[in-house]
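All remarks here apply to the structure that follows.
Nothing here was measured: the structure is a model prediction, and the numbers come from that model.
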Amino acid sequence: EEEYKGEVNFVMVRGDAEESYSVVGRFGVDAIPHLAIIGSDGVVETALIGPIPRNVLRADLDVLLENSKRLSAEGETVAQKQ
């Protein structure tokens, strides 16, 4: 978490807790552990099931962050042209 502080919000949800059922349903959790990487627009970008090695998680997060930065930069360029 420290490595991505300020860029990624990590939220842990107990999938077997009754108060979490709405979250489990919203993100289609069908196995535990289930890691959903959700964009700022609330759309699930990636879902990983089972234990996730750190290098796999890092690679996914790095790609998503890079894509997000690229899209933001492209959006700014388009807005400046208008």
Item to complete: Write out all pairs satisfying side chain to side chain donor-acceptor pair (under 3.5 Å) with one or both partners inside residues 20-33, taking only residues at least two apart or from two chains.
Response: none
Practice prompt. Look at the side-chain heavy atoms of Ile, Leu, Val, Met, Phe, Trp and Tyr, link any pair under 4.5 Å apart, and say whether Ile37 and Tyr4 land in one connected group.
Written response: yes
Worksheet item: So if you build clusters from Ile, Leu, Val, Met, Phe, Trp, Tyr with side-chain heavy-atom gaps below 4.5 Å, do Leu35 and Leu61 land together?
Response: yes
Listing, residues 41-60 side-chain donor-acceptor contacts under 3.5 Å, not counting sequence neighbours, or none:
unit_1, atom_1, unit_2, atom_2, d
Asp41, OD1, Val43, N, 3.1
Arg58, NE, Glu3, OE1, 2.9
Arg58, NE, Glu3, OE2, 3.3
Arg58, NH2, Glu3, OE1, 3.3

Under 3.5 Å, which donor-acceptor pairs link side chains of residues 7-14 to any protein atom two or more places apart or in another chain?
unit_1, atom_1, unit_2, atom_2, d
Glu7, OE2, Lys69, NZ, 3.2
Arg14, NE, Asp16, OD1, 3.2
Arg14, NH2, Asp16, OD1, 3.0
Arg14, NH2, Asp16, OD2, 3.1

